[in-house]
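Structure record follows, encoded as structure tokens.
This chain uses plain numbering: 1 for the first residue, then up along the sequence.
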Amino acid sequence: MSLSAALNIINSAFVANAGQSAVISSNISNAGTKNYAREIANLITTSGGGVQVASVGREANAALLEQVNTSTSQAAYQQALSDGLSTLAQTVSDSSSVTSSSGAAANGNSPSAMLANLQSALETYDASPSSTSAAQGVVTAASDLTQSLNSGAAAVQSVRETADSGMTSAVNTVNSLLTQFTSVNATIVSGTATGADISSAEDTRDSILTQLSQQVGISTVANPDGSTSIYTDSGVTLFQGGTARTVSFTPTATYTDGATGNAVMVDGVPITGSSSPMAIQSGALAGLANLRDVVAPEYGAQLDQIANGLISAFAESDQTGGTAPTLPGLFTFSGATGVPSTAATTGLASEIEVNANVDPSQGGNVNLLRDGGIADPTNSAYTYNTTGAASYTGRIAQLISATTSTQTFSAAAGLGTSSSLSDYANSSVSWLQGQNQAASNQLDYQNSLVSQATTASSNATGVNLDTEMTNMLTIENSYTTTAKLLTTVSAMFTSLLNAV
């Protein structure tokens, strides 16, 4: 080997050492940077026997990244669901600050608890049918029960509106991330073709994908040119061939009883809602859509069924054997002309109220509870206490029995179709609390998976300072050795020149 060739090899070694040192320094400085993947300087041997940094790669693990994104999507889904259910569960919590119309703190505020209070008030009234205060206690308990149903229905609509607003925000985030991804993807494709260092762009791409997975479940496909295609977890294309698809959504500002929210669309194809042929299964969007379209409406339907059950149980019928229609008694609703069927209950929980004819605060006669005629005080057909006896308890006993007698409920509310009113109300509370607890447990589990997957990915692709410092020492030793070679070759050159 000639001395000039040796110098060239030594020079290439110095350059390679500098390149490796730069990569190691970058790794050390980014040890705490989120989503940073450790970089690796790839060395090759040159034709002259030297060495050079051919490229800078990154420690990537596609399987672990996919696991992180999948668990992130599932956790975001559960988070959206849990938040909404937690809000609904507050309507049946004993710790909520609800005050009865009498001014006393209510014993819990669920329809179930309020119905139990009403039953207790009726039993007290049954024992003292001539007591005006006992009768007033029944009206007060009934008012508390209607307030509970009204509040529950309002909470359902509020949760749906909040979910709808969250979907708007999620869609805007998805479109923004897809726009960012378009730019980064183009950089990676261009860098791959020219051999440029694209490690930073790849880090950014992975970060965008993880952020995107929080909003919608995704799957990805790596292409030969370095680009990545993105699909929803149901198979709908979000990004392909360098082009991002348009994700659109029309929000519904205010939800009324029975209102149906709009679907999220990708190029005109719905990805949420019952009409979607390829509905997404994870991510915040899926969780919010399920909360808005399924869970909250189901609880709302249960409240409507309870309201209808109350109206039916306390309704008054013709006591003369005539043809007067059965009408709402103690419980009624605006514009009532009869008792609705179990299939026509939408909105009753938000509309149910105590009949003004029996409420002294509205100018009514509280004794109509005992005597009958709440439905229509001017029509004697609805009078149960025909003798006007102050000790009459027949109607009160009927009302007590009505709350424990078997009724028919709609299957659409997700509970049984045959039950007593009190059992149905208890089942509704249990259903809501069970859903809330299940969502909370699943959220904890999914968050644990996210933590484990993130840790595994970081261990596999992140920076280990001990390893980097060891590599730096190796580079320093290599530099020292190369420097000695340079000294030796220089000495040989000097000797040669002196000999000449």
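- In this view, Thr210 and Asn69 satisfy the side chain to side chain donor-acceptor pair (under 3.5 Å) rule, not counting sequence neighbours.
- Looking only at atom types and distance, the side chain of Tyr77 has no donor-acceptor partner in the side chain of Gln281 under 3.5 Å away.
- Using a 4.5 Å heavy-atom cutoff, the side chains of Leu327 and Glu316 are not in contact.
- Shown are Thr406, Thr404, Leu310; of these, the side chain to side chain contact (heavy atoms under 4.5 Å, CB included) with Leu421 is made only by Leu310.
- Contact of the Glu161 side chain with the Thr252 side chain is not registered, since no non-hydrogen atoms from C-beta on lie closer than 4.5 Å.
- In this structure, Phe239 and Phe181 have perpendicular ring planes: the angle between them is above 60°, well past the 30° mark.
- Within the 3.5 Å criterion, the main-chain N or O of Val92 finds no donor-acceptor partner in the side chain of Ser110.
- Heavy atoms only, all atoms of each residue included: Ile311 and Pro340 are closest at CG2-CD, 4.3 Å.
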As a quick check of understanding, evaluate side-chain hydrogen bond (donor to acceptor under 3.5 Å, both in side chains) for Ser248 and Thr246, giving each step before the final call. CA-CA 6 Å; Ser248 59; Thr246 300; over 6 Å; no

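- Shown here for Ala313 and Gln407, the closest heavy-atom pair between the two residues is CB-NE2, 3.6 Å.
- For the side chain to side chain contact (heavy atoms under 4.5 Å, CB included) with Val139, the qualifying choice from Asn355, Asp359, Asp144, Leu118 is Asp359, the only one to do so.
- In this structure, the side chains of Phe331 and Leu149 stay at 4.5 Å or more apart for every pair of heavy atoms.
- Between the side chain of Arg292 and the backbone N or O of Met167 there is no donor-acceptor pair closer than 3.5 Å.
- Side-chain atoms of Ser227 and Asn223 include a donor-acceptor pair closer than 3.5 Å.
- Donor-acceptor pairing under 3.5 Å is recorded for the side chains of Gln452 and Ser448.
- Separating the CG atom in Asp164 from the OG1 atom in Thr250 is a distance of 9.5 Å, to the nearest 0.5 Å.
- Counting all heavy atoms, side chain and backbone alike, Ala349 lies closest to Ile352 at O-CG2, 3.7 Å.
- Formation of a donor-acceptor pair under 3.5 Å by the Ser420 side chain with backbone atoms of Asp423 is found in this model.
- Side-chain N/O atoms of Asn150 and Glu353 include no donor and acceptor closer than 3.5 Å.
- With 3.5 Å as the limit, one finds no donor-acceptor pair spanning the side chains of Ser151 and Gln147.
- The two residues Thr342 and Thr408 come nearest to each other via the heavy atoms CG2-O, 3.0 Å.
- For Gln119 and Thr403, the side-chain atoms include at least one donor-acceptor pair closer than 3.5 Å.
- Residues Val266 and Thr237 have side chains not in contact (no heavy-atom distance under 4.5 Å, counting atoms from C-beta outward).
- For the side chain to side chain donor-acceptor pair (under 3.5 Å) test, no residue two or more places apart in sequence or in another chain qualifies with Glu298.
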Hey, mind stepping through Asn436 and Ser86 against side chain to side chain contact (heavy atoms under 4.5 Å, CB included) and telling me if it holds? CA-CA 6 Å; Asn436 183 41; Ser86 179; 4.0 Å; yes

Working note: Ser334 + Glu351, criterion side-chain hydrogen bond (donor to acceptor under 3.5 Å, both in side chains); need CA distance, chi angles, decisive distance, verdict. CA-CA 7 Å; Ser334 178; Glu351 298 177 11; over 6 Å; no

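- Ser73 has its side chain out of reach of Val216: every pair of non-hydrogen atoms, C-beta onward, lies at least 4.5 Å apart.
- You'll find the side chain of Thr192 stays beyond 4.5 Å of the side chain of Asp225, heavy atoms only.
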